[in-house]
Number of protein chains: 2
Amino acid sequence: MVNPRPAELVVKVIPEPVLRRLPVYYQYLKKIVQDRPVEYISCTRISEDLNTLAIQVRKDLEITGAEGRPKVGYKVAEVIKAIENFLGWNNTTEAYLVGTGNLGSALLGYQGFKDYGLNIVAAFDSSPEKIGKEIRGKKVLSVKKLPEMIKRMGIKIGILAAPAAPAQELANMMVEAGIKAIWNFAPVKISVPEGIIVQHENLASSLAVLSKRLALLLAER
Amino acid sequence: MVNPRPAELVVKVIPEPVLRRLPVYYQYLKKIVQDRPVEYISCTRISEDLNTLAIQVRKDLEITGAEGRPKVGYKVAEVIKAIENFLGWNNTTEAYLVGTGNLGSALLGYQGFKDYGLNIVAAFDSSPEKIGKEIRGKKVLSVKKLPEMIKRMGIKIGILAAPAAPAQELANMMVEAGIKAIWNFAPVKISVPEGIIVQHENLASSLAVLSKRLALLLAER
DNA sequence: GTTAAATAGATAAATATTTATCAATAAAAG
DNA sequence: CTTTTATTGATAAATATTTATCTATTTAAC
């Protein structure tokens, strides 16, 4: 007889596609309750509205721990909570943003982050004209202060919205100072030591999918 | 004996993960040649620099039709061209942008798009203060003119950077006027008729992956 | 020349992810 | 109260994607 591993050690690894779909349900359900009070909703209904398969929705929700009732469906509020808890969006995480160009400014002004438990508390830039000013209500500090501030405030997430050229160096600086996760919007792959998380955000990747699909579409007939 | 399908009808469908990786190679290779003139590069080298597996790189490049030589590797310039051709980035596609808030403005100012064969030729907004002005050098027109302009210019790609609320309506308007592909940055899933492409860009999805991985990292030990 | 090394290309195996099927359950209809 | 229906939850199958193995080829070193 084989001894099963103790439950604590079985770290169930969640497929990335599932993780990426959860926020879609989350946004959808939040909109649902906002538009009109709905207590229950079924996977069938969700899948029709989001144009996917009911089985997939069921599988995905199962992972969050949400439980439904036959013939009725899931309690909307419970699913929202389940997704929040599962993703760790129930309590706020503070982050620093580095680079206040077009994209950086847009990210600073994005109101949606607070729904996802993310709070950008300050921005950093190297340009003297920007340092000391405020952008979208957030203080802009000199990148020279970045390491010290990361340490002092115990910041764990860094959002990198700098140009390609200085991106790697800025990432090194952040990691050195104790950042554990970098959300990278710079159009280069950055290297980090083992144990540090990098989430690469690449517009070009999405555009590639779009371009190819459009090309195929226009080519057929 | 089974008759194989004629070659023209065998539309080889490309896995989305592959499509998403191609721009990463593309950016990497462009940077390589920019930094110093390199004629050949091997999969091994690429995989080391990008921290992936050589086999994957080889498989991915194979799809673009690039050919390498044993012991030497691929001609850098040829791979770049192969990716461009494969994704249809070799000739420019014109696009309209709808919504000139923080994100819309950032997209208007993004210089990288021209490398990917995308040219945002005009922007549309409903706010009277913005109409008639220029943002990042691009004219802002009234959304009322959107359908007419799409038809007149034969625009095929619409970039939707509006708030969630009007997103669906704007999408409808675009499709009605002849748009074939929508790059959607609004934080809602939008529905379109069969045959129209929607590429959903969801920051929350990426953040979900980051959040979960960070939570797991901080939880261990 | 001959041999060794590095690499692409082809084929096969392994793994991850999606989709389908079936059984159990609770609500609603008759 | 019984039957029907819609639904979840569990299990299984199918498909997609990644990773490994093997072979052939080309270059460079000896």
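Residue numbers begin at 1 in each chain, while the letters A, B, ... track the order of the sequences.
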Distance, rounded to the nearest Å, where [X] contributes [atom1] and [N] contributes [atom2]:
X      : N       : atom1 : atom2 : result
E39(B) : dT27(D) : CD    : C1'   : 15 Å
Q56(A) : dT17(C) : CD    : P     : 12 Å
E16(B) : dA16(D) : CD    : P     : 14 Å
R20(A) : dT17(C) : CZ    : P     : 13 Å
K75(A) : dT8(D)  : NZ    : P     : 15 Å
E62(A) : dT18(C) : CD    : C1'   : 14 Å
L61(A) : dA10(D) : CG    : C1'   : 16 Å

* Assess whether one donor atom and one acceptor atom, taken from the side chain of K59(B) and the base of dT11(C), lie less than 3.5 Å apart. => yes
* To do: Begin with the C-alpha distance, continue with both residues' side-chain angles, and end with the deciding distance and a verdict on ring-ring contact (aromatic ring centres under 6.0 Å, His included) for Y74(A) and Y40(A).
  => CA-CA 5 Å; Y74(A) 296 82; Y40(A) 287 93; 9.5 Å; no
With the criterion being N/O to N/O and under 3.5 Å, what pairs connect the protein with nucleotides 21-27 of chain C, and how long is each?
| from | atom 1 | to | atom 2 | distance (Å) |
| --- | --- | --- | --- | --- |
| dA27(C) | OP1 | R69(A) | NH2 | 2.2 |

* **Selected nucleotide, minimal atom distance to L53(B) side chain, candidates dT18(D), dT19(D), dT18(C)** =>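 When the side chain of L53(B) is considered, dT19(D) is the closest of dT18(D), dT19(D), dT18(C).
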* To do: Establish, for the pair K189(B) and Y28(A), whether the NZ or CZ atom is under 6.0 angstrom from the six-membered ring centre and no further than 45 degrees off its axis.
  => no
* Using heavy atoms and a sub-4.0 Å distance, could you list which residues of residues 76-87 of chain B are near DNA chain C? By number, please. =>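 None - not one residue of the stretch has a heavy atom sitting under 4.0 Å from the strand.
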* Residues from residues 42-49 of chain A sitting under 4.0 Å of DNA chain C, heavy atoms only? -> none
Is there a donor-acceptor contact under 3.5 Å linking the side chains of [X] and [Y]?
X       : Y       : answer
E84(B)  : Y116(B) : no
S206(B) : W183(A) : no
Y110(B) : N102(A) : no
Q27(B)  : D115(B) : no
E176(B) : N172(B) : no

* Ion pair check, K81(A) and E78(A), cut-off under 4.0 Å ->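 The answer is no: the pair does not qualify as a salt bridge.
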* Asked: Between A66(A) and D60(B), which is nearer to the 5' end of DNA chain D once each is assigned its nearest nucleotide?
  ->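 Checking each residue's closest nucleotide, the 5'-ward one belongs to A66(A).
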* Asked: Just wondering, do L207(B) and P23(A) contact through their side chains at under 4.5 Å, heavy atoms?
  ->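 Side chain of P23(A) against side chain of L207(B), heavy atoms only: no contact under 4.5 Å found.
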* Asked: With a 4.5 Å limit on heavy-atom distance, are the side chains of F86(A) and I63(A) in contact?
  ->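 Yes, their side chains come closer than 4.5 Å.
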* What's the spacing between S47(B) OG and Q56(B) CD if we round to 0.5 Å? ->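 Result: 10.0 Å between the selected atoms.
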* Are any of Y74(A)'s side-chain N or O atoms less than 4.0 Å away from OP1 or OP2 of dG9(D)? ->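 Answer is yes, contact under 4.0 Å.
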